[in-house]
Chemist: 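This structure is in structure tokens; I'll ask about it shortly.
Below, each value reflects all heavy atoms present in this structure, side chains not excepted, and no hydrogens, waters or symmetry copies. As the structure is a prediction and not an experimental result, all values here were calculated from the model. Start at 1 with the first residue, then count along the sequence. Whatever order the structure lists ligands and atoms in, that order sets their numbers, starting from 1.
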Amino acid sequence: MSRIAYVNGQYVPHLDAAVHIEDRGYQFADGVYEVIPVVNNKLIGEEGHLDRLWRSMEELKMAEPMKRKPLEMVMREVLRQNGVENGLIYLQVTRGVAPRDHPFPRDAVSSLVMTAKKTSPEKAEAKAAKGVSIITVPDIRWARRDIKSVSLLPNVLAKQEAVEKGAYEAFQVDEEGFITEGSSTNAWIITQDGTLVTRPTGNDILAGITRADLLKLLEQKNYKVELRPFTVEELQNAREVFLTSSSSYVLPIVEVDGKPVGNGHPGSISNDLRGIFKDFMNN
Ligand code: PMP
């Protein structure tokens, strides 16, 4: 089955899918996006993702490209046309095409692009069973990280540095020495006494949908959770470390800046939480 993309009202072969060179997403990174996981034909956290997409657009005073109900239908059609039952759907909205000039164009018409791809549950499981390594890098991003903007250059540089050092992800560190989040993931530690710690939402991190769903599950199951920033030192001395995201779910971290976390294998609590999250997605 060949891949199909949705571009401004049309379903086109992925290879031919294009927007104009004066699209403001291309010129100014004047756009927002979402990535929604698909598990057994179900869009996981769909409501949260679309709430966040609309919030990102509102924060940037960007017109909605279409109403929410038809957009939900287009997402399903993109999944159907691509035969994706397990994978990811990507949505991007930009302020549209206009002669290059910084101010918002008058009567801007937002562009909407969607793609879908299959992912391999087996590969994801193998990765989680082994755990991944991370590095820490300075957080050099702007002050509105709560907006899911396509302006991702600092995230790209952080991830590239991780890859070059043989790591999977980079946790970013603010000027006070506290972890903000990963380049495309939220950061968590479990302290020696078994308390889960993750940074509260605000302008300095993206309010992850996986993070929010996991927090609800943790509350139901009476886990001890603290919403507070944690330092690099706490990260290095944690009993367990893991990350959350739409594409990784709950992923154990076994090495930080070249040093093992615990015994260098995925921790038992992280493994339990991955299981709990997978049950949640499958029900
Ligand atoms: N932080 C950043 C910077 C991200 O790009 C992502 C991925 N969207 C996340 C956190 C995780 O968010 P979610 O669980 O909604 O995928």
Chemist: Please tabulate, one line per pair, the protein nitrogen or oxygen atoms found under 3.5 angstrom from a nitrogen or oxygen of ligand 1, with distances to 0.1 Å, or say none if there are no such pairs.
Modeler:
from: ligand 1; atom 1: 1 (N); to: Glu181; atom 2: OE1; distance (Å): 2.6
from: ligand 1; atom 1: 8 (N); to: Lys148; atom 2: NZ; distance (Å): 2.4
from: ligand 1; atom 1: 14 (O); to: Ile209; atom 2: N; distance (Å): 3.3
from: ligand 1; atom 1: 14 (O); to: Thr210; atom 2: N; distance (Å): 3.0
from: ligand 1; atom 1: 14 (O); to: Thr210; atom 2: OG1; distance (Å): 2.6
from: ligand 1; atom 1: 15 (O); to: Arg52; atom 2: NH1; distance (Å): 2.9
from: ligand 1; atom 1: 15 (O); to: Arg52; atom 2: NH2; distance (Å): 3.0
from: ligand 1; atom 1: 15 (O); to: Ile209; atom 2: N; distance (Å): 2.8
from: ligand 1; atom 1: 16 (O); to: Ser246; atom 2: N; distance (Å): 2.9
from: ligand 1; atom 1: 16 (O); to: Ser246; atom 2: OG; distance (Å): 2.7

Chemist: Please name all residues satisfying side chain to side chain donor-acceptor pair (under 3.5 Å) with Ser246, sequence neighbours left out, ordered by chain then number.
Modeler: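 So Ser246 forms a side chain to side chain donor-acceptor pair (under 3.5 Å) with His49.
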
Chemist: Can a salt bridge be assigned to the pair Glu219 and Lys216 using a cut-off of 4.0 Å between side-chain N and carboxylate O?
Modeler: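 Looking at Glu219 and Lys216, the cut-off is not met.
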
Chemist: State plainly whether the residues Glu125 and Arg274 are in salt-bridge range, i.e. N to O under 4.0 Å.
Modeler: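 Looking at Arg274 together with Glu125, the answer is yes, because their closest N to O distance falls below 4.0 Å.
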
Chemist: Without placing hydrogens or testing angles, list every side-chain donor-acceptor pair under 3.5 Å for residues 6-21, not counting sequence neighbours.
Modeler:
from: Tyr6; atom 1: OH; to: Gly9; atom 2: N; distance (Å): 3.1
from: Asn8; atom 1: OD1; to: Leu112; atom 2: N; distance (Å): 2.7
from: His20; atom 1: ND1; to: Glu22; atom 2: N; distance (Å): 2.9

Chemist: Is a salt bridge present between Glu58 and Arg55, judged by a nitrogen-to-oxygen distance below 4.0 Å?
Modeler: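 Salt bridge flag = no for Arg55 with Glu58.
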
Chemist: Show every salt bridge (Lys or Arg N to Asp or Glu O under 4.0 Å) that has at least one partner inside residues 88-102, sequence neighbours left out.
Modeler: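 Every pair satisfying salt bridge (Lys or Arg N to Asp or Glu O under 4.0 Å) with a residue in residues 88-102: Asp30-Arg95.
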
